[in-house]
Amino acid sequence: KNHIEEVKAFHADNKEKVEEFRIKYLGSKGLLKELFADFKNVPNEMKKEFGQVINQLKTSAEDKVAALQEQLESKEVARGIYGDLSRPGEPINLGSRHPISIVKNQIIDIFSNVGFNVSEGPEIEDDWHNFTALNLPEYHPARDMQDTFFIQTNPDILLRTHTSSVQVRYMESNQPPIRTISPGRVFRNEAVSSRSHCIFHQVEGLYIDKDVSFADLKQTLLYFTKEMFGKSKIRLRPSYFPFTEPSAEVDIYWGLNNEIDYRITKGTGWLEIMGCGMVDPNVLKNCGINPDEYTGFAFGMGIERIAMLLYQIGDIRMFYENDVRFLEQFKSSL
Ligand code: PHE
């Protein structure tokens, strides 16, 4: 009877111990063999009870062995499927945002802090939204400034050359006050090199209200360059765009603190980062906004160019190659 208790309480966590146990009780020289051999020496009146007890012991031992074997086997199966369930978890390899997205989101954040919303439009445009409404009628020589991809042979359908087309759409369906930035992909039929690509990204901004002045434009851009680059000196050089009058190129003072500054600013310390100007009254009229009542400014910049400056990327083609050795370097900038 003590043996029965012992058998019931037995536990083993490996196959060897179970086998040892099996041999001890059920083996050919085991305890049960001995007990059965003793059976004939047991006095007749005790035979019944003795027989019951050793039979009970035998089934207990057999059950125990079977149960332990099954337990160990299912553990092994689980280990095969899941590995060692007690091992520490492995870190998940997270992806990273593309540098274009990182910079785009930064620009959006900066302008949304001063009340600009985000507007988007189609990449496949018609002539009106990309050119004509923007004061670039057919045969206007300035159309050559932006070599255009046309879709099939229809000259009315093209890939947008700038996101100014989104601003046209926005003005057509919204009255001032308007404060919107339009980030997006644009296309130009240009030779691909380390400095320029036929596909790139822009963010253009538009602000239209009563009495918006050139001073407002300059102050807004100064705010942006401070936030984006930590640089607080800008200059506006007179320039030309058909859709703004007057127009200007914006340079930021980058400094000449090291060799890289010399190289990227060509020794001047100044760096051109965007175009801007006061929206031409003709453009407002084309888009259904009264130019006698409202004035506005617009600006536009290339995201790649800014990302290249911020991250010191020497070749624009890196953005589109999706080489993980490049992309992984932006992991911390999520
Ligand atoms: N659309 C111009 C370009 O793509 C940029 C620009 C936008 C210039 C708004 C002035 C005002 O080059």
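This is a predicted model, so every value here is computed, not measured. We count ligands from 1, going down the list as the structure has it; atoms in each ligand are counted the same way.
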- Near Gln52 CD, under 6.0 Å, is it more than 12 heavy atoms from other residues, nucleotides or ligands?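 Yes - once you tally the heavy atoms of other residues, nucleotides and ligands closer than 6.0 Å, there are more than 12.
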Do any heavy atoms of [X] fall under 4.0 Å from ligand 1?
X: Phe297; answer: no
X: Gln202; answer: yes
X: Arg188; answer: yes

If the cut-off is 4.0 Å to any non-hydrogen atom of [X], which atoms of ligand 1 fall inside it?
X: Cys276; result: 10 (C), 11 (C)
X: Gly275; result: 8 (C), 10 (C)
X: Phe299; result: 7 (C), 9 (C), 11 (C)
X: Ser164; result: 1 (N)
X: Phe241; result: 8 (C), 10 (C)

Cation-pi check, Lys64 to Phe21: give yes when NZ or CZ is under 6.0 Å from the six-membered ring centre and within 45° of the ring axis, no otherwise. no
message = For the residue pair Glu120 / Tyr170, report whether a side-chain donor-acceptor contact shorter than 3.5 Å exists.
response =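 No, no side-chain donor-acceptor contact under 3.5 Å.
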Aromatic rings [X] and [Y]: how do their planes relate, parallel, tilted or perpendicular, breaks at 30° and 60°?
X: His201; Y: Tyr320; result: parallel
X: Phe229; Y: Phe224; result: perpendicular
X: Tyr207; Y: Phe297; result: perpendicular

| query | Nearest heavy-atom pair of Lys33 and Ser28: which atoms, and what distance? | reply |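 The pair with the smallest heavy-atom distance is CG-O, 3.4 Å.
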Looking only at heavy atoms, the pair that brings Asp280 and Pro242 closest together is OD2-O, 3.9 Å
- Item | Thr161 N/O to ligand 1 N/O under 3.5 Å |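 Thr161 vs ligand 1: no N/O contact under 3.5 Å.
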Honestly, for Phe243 the part within reach of ligand 1 (heavy atoms, under 4.0 Å) is side chain
**Request:** Have a look at Ala298, Ser247, Ser239 and point out the one with the heavy atom closest to atom 11 (C) of ligand 1.
**Result:**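 Nearest heavy atom to atom 11 (C) of ligand 1 lies in Ala298.
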